[in-house]
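Only a predicted model underlies this, so the values are computations on that prediction, with no experimental measurement involved.
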Amino acid sequence: NTSAENHCTIFTIAESPSDANMVWVGTDDGNLQYTNDGGKTWKNVSANYAQSGIPSATWISSIEPSHFDKNILYATFDNHMYGDHRTFLGKSTDMGATWTRIQHNEFTGFAHKICEDPINKNLLFLGTEMGLFATLDGGKHWFRMKNNIPEYAMVRDIKIHPVTHDLIVGTHGRGIFIVDDITAMRQLTADVWDKEVHLFPTPDLTLNNGKYGWGGPESAGGWFAGNPPEMPSIDYYLKDRVSTGKVELEIYDAKNNLLQTIPGSKRKGINKIAWDMRLAPPKVPEGGTKLSFGGFMGPLVLPGKYSAELRVGNQTYNHDFEIKADDLADYTVEERKSQFDLSMKLFNQLEQLAARMDEITLYQEQADSLMKLATDAKLKASIKMYRDSLENIRKDLVPTKHTSIFADEERLREKIVDVYSQVLSYEGEPNNYVYKRMEGLKMEVEKLEKRHETINQKQLEPLNQKLVKKGLKPIEKPIKE
């Protein structure tokens, strides 16, 4: 490289967040100047940073005036044009009069960008030609950020979104990386990172069914990335990787009812668990020849008080949080309540039928075993008749004939799942058609339950008496868990 790389050009410019009249500029020949009167007069502090060990006449690659004190600023310096690939980062607390060079053995590559978090003054991010680095204590200790960020990414710019709190990293040749919501990093103070486990407070959540939707497949052949998680995360910190035991997050409502258990990561550092603000999916009747999609989603919860309990091995950590109604929703809280009540009725119907199906299966298994043990022809016929009666109920519950997961019989399970899915797809008041279908399904469920009760009264009780007379074990009613 030669001096031709210096063009006496302003390379970076930064306005002080706390003083609109203060503007800093840095040039590619090492001049660092500022104005505190809106550009009328300027002061050159270039000679001052050189006294800290940073080479003079070095490119000023970025300037970051502090959000908290206009006297404080950070700057990065790039001297690779002269074959010097060291990382140069400086800090001044007196508007450039004196400087401290910030160094760390973790640094690699010449510096491009320094960024101060606007909420936590001790949280800084540094982008170099060979990676992204962060400090939680104002620059005393640094670490390389990894977790899907290339270790040697050429980081050219860093921004923090003021609303979503995402860390946005622009690189040369590696695309744009977004670290979703760095709120947990802001809260990772010295007293927190010394703990074995810490569950970060969860801010109030806004109740909705998601906000991004699906825009269809990418067909232009370009590069694209997925949306961030639609639901806010519940964050926790592990000082070391968990080597034994489980890591789970349990969500409870205000009445201390367990709503959902979600497995968590055991990795060291900050971890995130996304809760979709729903109950655990219902148990649906198993069996048949068709996959039921009704068991993939639970009802969306109502606004109110909730608690999160993190279980790490045999230790528990918890805090309370609140879910609030969405002010932008096109339905009222009362309509949301009606939707929830109806979805829970359908939820309970599916669980009721699942329990009945499990019971029928256990009855049939006992009947099959007794068929092999019985020697009397009349007794075998009675056992078969009872089993066939149960099979007829099973055939009304789930499809039993075809093998395709799409072209199959529609049975009671499918009818309830269809309505259940319709209700869950919209958070507002269900229409009259849904309510009418619900009433019809309720009658079908009651009719099926009555049939099962009649079979047990008229067939099972007499059958058990015959089995006992023949010295065989009677068919026992399954014990509910």
| Between Phe11 and Trp59, how do the two ring planes meet: parallel, tilted or perpendicular, split at 30° and 60°? | tilted

| Between His141 and His104, what is the ring plane arrangement, given parallel below 30°, perpendicular above 60°, and tilted in between? | perpendicular

| task | Return the minimal non-hydrogen interatomic distance between Leu424 and Ser343, and the atom names on each side. | result | CD2-CB, 3.8 Å

| task | Of all the heavy-atom pairs spanning Gly131 and Val155, show the shortest one and how long it is. | result | O-CG2, 3.6 Å

| Any ion pair linking Asp84 and Arg86 (charged N to carboxylate O, less than 4.0 Å)? | yes

| Got a donor-acceptor contact below 3.5 angstrom from the Arg101 side chain to the Ile54 backbone? | no

| Do any N or O atoms from the side chain of His161 and from the backbone of Thr164 form a donor-acceptor pair under 3.5 angstrom? | yes

| task | Please check if any side-chain donor atom of Ser338 sits under 3.5 Å from a side-chain acceptor atom of Glu429, or the reverse. | result | yes

| How about Tyr49 and Phe77: are their ring centroids closer than 6.0 Å? | yes

| request: Compare all side-chain heavy atoms of Thr27 with those of Thr9 and state whether any distance is below 4.5 angstrom. | output: no

| said: Any carboxylate oxygen within less than 4.0 angstrom of a Lys/Arg side-chain nitrogen, looking at Asp418 and Arg437? | reply: yes

| query | So, Asp341 and Lys337, do they make that salt bridge, N to O below 4.0 Å? | reply | yes

| note | Output for pair (Lys43 NZ, Tyr34 OH), nearest 0.5 Å, gives 4.5 Å

| message | For His165 and Arg186, which I'm curious about, is there any donor-acceptor pair between the side chains at under 3.5 Å? | response | yes

| Evaluation steps, side chain to side chain contact (heavy atoms under 4.5 Å, CB included), between Met277 and Ile323 | CA-CA 9 Å; Met277 292 188 280; Ile323 294 180; 3.9 Å; yes

| said: Distance check, rounded to the nearest 0.5 Å: Glu116 atom CD versus Leu126 atom CG? | reply: 13.5 Å

| field | Asn348 (side chain) donor-acceptor with Met344 (main chain) under 3.5 angstrom | value | yes

| said: Is it the case that the side chain of Ser92 and the backbone of Thr98 share a donor-acceptor pair, with hydrogens and angles ignored and the cut-off at 3.5 Å? | reply: yes

| query | Is the shortest heavy-atom distance from the side chain of Val169 to the side chain of Leu132 under 4.5 Å? | reply | yes

| Are Asn36 and Asp19 close enough that a side-chain donor and a side-chain acceptor fall under 3.5 Å? | no

| query | Shortest non-hydrogen contact from Thr76 to Ala111? | reply | CB-CB, 3.7 Å

| task | Determine, for Arg356 against Glu359, whether the closest basic-nitrogen to carboxylate-oxygen distance falls under 4.0 angstrom. | result | yes

| query | For the side chain of Arg156 and the backbone of Thr171, is there at least one donor-acceptor N/O pair under 3.5 Å apart? | reply | no

| said: Quick one: does any side-chain atom of Lys159 pair with a main-chain N or O of Gly170 as donor and acceptor, under 3.5 Å? | reply: no

| Nearest heavy atoms of Leu136 and Phe143, plus distance in Å | CG-CE2, 3.9 Å

| For Lys91, salt bridge (charged side-chain N to carboxylate O under 4.0 Å, His left out) partners two or more places apart | none

| Is the Tyr331 ring parallel, tilted or perpendicular to the Tyr426 ring (thresholds 30°, 60°)? | perpendicular

| remark: Smallest heavy-atom separation, Phe347 atom then Pro281 atom, equals CE1-C, 3.9 Å

| query | Is a side-chain donor-acceptor pair under 3.5 Å present for Thr206 with Asp204? | reply | no

| Any donor-acceptor pair under 3.5 Å linking the side chain of Glu196 with the backbone of Lys239? | no

| message | Quick check for you: to the nearest 0.5 Å, what is the distance between Tyr317 atom OH and Leu249 atom CG? | response | 13.5 Å

| request: Run the numbers on Leu32 and Trp24 for side chain to side chain contact (heavy atoms under 4.5 Å, CB included), then give the verdict. | output: CA-CA 7 Å; Leu32 180 60; Trp24 289 85; 4.0 Å; yes

| said: What's the separation between atom CG in Asn120 and atom NE2 in His67, rounded to the nearest 0.5 Å? | reply: 12.0 Å

| query | Side chain of Ser265, backbone of Asn271: donor and acceptor closer than 3.5 Å? | reply | no

| request: Examine the side chains of Asn48 and Ser46 and answer whether a donor and an acceptor come within less than 3.5 Å of each other. | output: no

| So, Glu129 and His112: side-chain donor and acceptor under 3.5 Å apart, yes or no? | yes

| task | List the steps and the verdict of side chain to side chain contact (heavy atoms under 4.5 Å, CB included) for Asn318 and Leu310. | result | CA-CA 6 Å; Asn318 53 65; Leu310 178 69; over 6 Å; no

| task | Could you go through the side chain to side chain contact (heavy atoms under 4.5 Å, CB included) check for Leu353 and Leu397 one step at a time? | result | CA-CA 8 Å; Leu353 293 184; Leu397 265 175; 3.7 Å; yes

| request: Would you confirm whether the ring centroid of Trp193 sits within less than 6.0 angstrom of the ring centroid of Tyr237? | output: no

| query | Any side chain to side chain donor-acceptor pair (under 3.5 Å) pairs touching residues 301-311, not counting sequence neighbours? | reply | Glu250-Arg311, Lys305-Glu322, Glu309-Arg311

| request: Ignoring hydrogens and angles, tell me if any N or O in the side chain of Gln349 forms a donor-acceptor pair with the backbone of Ile416 under 3.5 Å. | output: no

| message | For the backbone of Asp181 and the side chain of Lys272, can you confirm whether one donor and one acceptor N or O come within less than 3.5 Å of each other? | response | yes

| Between Phe200 and His198, does the ring centroid distance fall short of 6.0 Å? | yes

| task | Considering non-hydrogen atoms only, spot the tightest contact between Met438 and Lys345 and give its length. | result | CE-CB, 3.4 Å

